[in-house]
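Data block below; observations after.
These values consider heavy atoms only, across backbone and side chains, with no hydrogens, waters or symmetry-generated copies. Chain A is the first sequence line, chain B the second, and so forth, proteins listed ahead of strands; every chain is numbered from 1.
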Amino acid sequence: MPPRPASKPSRKRSNPDSVTSSATGPVPSASSKKKSSKEVDETDKLFDKYANASSGVIDPEGIEKLCSSLEVPHTDIRILMLAWRMKAERQGYFTKAEWRIGLKALKVDTIGKLKKALPELEKEVREPLNFRDFYAYAFQYCLTEDKQKFLDIETICQLLDMVLGSTFRAQVDYLIDYLKIQKDYKVINMDQWRGFYRFCNEISFPDMTNYNLELAWPSIHDDFFEWLREKQA
Amino acid sequence: MSRQNVKPMTMDQGFELIDAAVTKLKRILEGKPEPAFGSHEYIENYTIVYNMCTQKPPDDLSQQLYDKYGGIFEDYDKHTMLPSIMEKHDEYMLRELSRMWDINKIMVRWLSHFFFYLDRYFITRRSLPSLTEVGMTCFRDHVYNNVHFNVKQVIIALIHKEREGQQIDSALLKNILDLFVQNGKGSMERYEDDFEKFFLQETASYYSRRSSSWILEDSCPEYMIKSEESLKKEKERVTHYLHSTTEPKLVEVVQTRLLVLVAKQLLEKESSGCSALLRDDKTDDLSRMYRLYHEIPKGLEPVAKAFRLHVTSEGNGLIKQAEDAATSGSVEEQVLVRKIIDLHDKYMAYVTDCFQNHTLFHKALKEAFEIFCNKKVAGSSSAELLATFCDNLFKKAGNDKSNDDSTIESTIDNVVKLLDYISDKDLFAEFYRKKQARRLLFGRFNDDHERSILTKLKGQFGGQFTSKMEGMVTDMQLAKDQQTGFEEHIKNGNTGKPKGVDFTVNVLTTGFWPSYKTSDLNLPLEMVNCIESFKAYYETKTKHRRLMWIYSLGICHLNGRFDPKPIELIVSTYQAAVLCAFNNTERLTYQELIEQLNLSHEDLVRVLHSLSCAKYKFLKKEPASKTISKTDSFEFNSKFTDKMRRIKVCIRLLCLFLQWMIAVEDVDKDRRYAIDASLVRIMKSRKVLPHQQLVSECVEQLSRMFKPDIKMIKKRIEDLISRDYLERDTENPNTFKYVA
């Protein structure tokens, strides 16, 4: 989970119940077999273990608890992957519906099973087609305000590290260095964010010989390229 | 003889008779004494043949006659003609050949007359070559084929002699070469393969040698003269004896050797090459150069290139001169612009005269000017310098009567021409506009000149370029009318304008003029009344318009009633407001002034400084330091005097550097909008477009006004993406799609 302080009381909250019909009402499931409703029950029970009783959703505190149950640091990418699986809309919060979607997709209903399913989940997410989607999701997920389109540099650096750090260590390190030093960009938008992934994927590193300034790379990548070139000289 | 009674003639009989005739013919042809054929002999011979052909088979001897005919020629060619030619040399061989050729022609003619009957029936029936053909073919096979090689050698040797300046027998050569052509039987093959090919080779190496030695020894003009001569001589050679089809090939060979292969060396010759000729005004030589290279396909390109390089270096030299001469960062743009104009005139003259207005040279001139006209001179862009030049031109024109209208007109024409080369035209427009505003408001201006340059600019760059400037000039005209109306209005006793205050208002249309800041200055009562009265008048003229008063642009004439003597003060409205404050009180503190007048601190400090710490101290300041502080107090300096009766103290509200910065920023902002608009326009019509094409189309669209920075375009594209006008294609991130 990208590190956000667990307590941010002044944040605008979208109505968690707007996503599902109600936290306790009949579950709108695709199949109406008795067996699935048993599963759902288990899943719901698990949900309730971490959810905040009054708000009916898992809040940051609950997520932290979940993380320790899973024995995964709460800054770990796998929590983000889980959020992706759940199609969670709001950072730091899981609604019941989202919880159900996620756990059903992973075919788990206990903490133990969930923990065991994490490596599988990771493998699935790292598949190229999924990863692209996941990567864009990561950005989206961090946007807090309605109509917000940018993330600040600090967040981006952390996100880059978390999402791309394990596969593209060198690029991410240099990118983070650059982002911290430069003064031209105070925020990053989705297009530029996507560009980072493309850059890591397509451009050979550290020589960057196949980078072409004349193509349609967002300017921030051109600037990064020139900065790095100068550094290497 | 009657047919029935005569026995058929045998072959031997017939041939004997024919041989006799042939022998006689040969003797005649060889010039031996022999009486010519009479007409009865002619008929006899014809009849012999006729009879032998019309005899009933097996006595029809047509075939044999035909063969005999061929045999006669073959025999003569091989045993008489050929040896006689071969035993001669050089020119004599040629003459002999020519003679034999003529003999052959006559022989063919006579014998084909004798044997004519064959032609009529036998040959046509059997589709055999005609008698003439047989005769000519024999000659070709037995004489020509055996001699042409040697003959060719002789011809080429003779031509060489002629090239070296000796006389040769042109008529003879013409005959021989004609012979070559005719032996080709309708095609030019024999001529081309047996002669022309070798001739051209020889010509090529001849001129190669020439060219190598000339290029080292001669100057460029000398070389060109020699080349011109050579070409002329070769063309004459064609008319004298070569076949006309040789001309283009010959010209090409000579041109290649003399002009094309050495073009670079020739044009770049130190102290006499293209550059030097341009520099030294050698119009004849340049015209010759044009003439020579014009004929060669793509031949003018190196010349145009040399031209362009020369002009560019001249231009760069002027720029450098101006930079070196610039004192304390200020460039003498009057001098520089005039010099550039002169340079343009000089080289344009070359283009029109020496280079016959050829497009390549127009292009070269344009490219050269575009290079150095866009260089910065000591930090100032050329657009700005040109605008300053115009400003000074018009300002001086008002004062200097020696600068008559036609000179101004032609200078204006030149300015428009130069502007065409400058890529940042919008920057020029911005500076020009700002300076024009000052001219119109503060100086004397000549309406004709102002309109003239705008008309020309409009003609060249379009109405949008000049619309604001034209609006400004029109405003001044309207303002004059407005003022007259206002004064009429006052005379008719309307509204309370205080008598004794002359008040002139210029009403400006907001969009046209540069933006000026307004302020809530508290004016003295007299001025307020003036303003109110104009307002009232204006409202009778138009409703729906709001007047915004720009006091920072106003000028006041005050009577300074100083003790020693009264002096007229010409000051800005702000200064006047401050001075008039002292009409009611002797002494005012800074604080009081600020409250009374409602000026900003910066403005008040500047104004007070100009009135109390500068050259003319109309106010006394306590304490009498060099700077204004908020605790100062001021008093009317009644003791002030000067030898002048009228003093002008105007302050600029913004220092020059800031003005410049604002102009540049405004242009930048406009450019960003222009780029955005252009990008959206392009994407809207194309829907999908790859990045590079989008950028290049955008650059092209905008090139009329300025050269957009590629980085800026990229940034604007990104901005448009984040504003959801465009999006990247998911498959290909280098392509953009329009988001409707």
Do Phe205(A) and Tyr174(A) have ring centres separated by under 6.0 Å?
yes
Chain B heavy atoms under 4.5 Å from Asp223(A): which part of the residue, side chain, backbone, both or neither?
side chain
Between Gln692(B), Lys714(B), Lys715(B), Glu727(B), which residue shows the highest count of heavy-atom pairs closer than 4.5 Å to chain A?
Lys714(B)
Can you tell which part of Arg194(A) gets under 4.5 Å to a heavy atom of chain B, answering side chain, backbone, both or neither?
neither
For the residue pair His221(A) and Phe199(A), does the interplanar ring angle fall in the parallel (under 30°), tilted (30 to 60°) or perpendicular (over 60°) class?
parallel
Heavy-atom pairs under 4.5 Å with chain B: which of Met190(A), Arg132(A), Arg198(A) has the most?
Arg198(A)
Would you please indicate if the ring centroids of Phe196(A) and Tyr135(A) are separated by under 6.0 Å?
no
Under a plain distance cut-off of 3.5 Å, with no hydrogens placed, do Tyr211(A) and Asp222(A) share a side-chain donor-acceptor pair?
yes
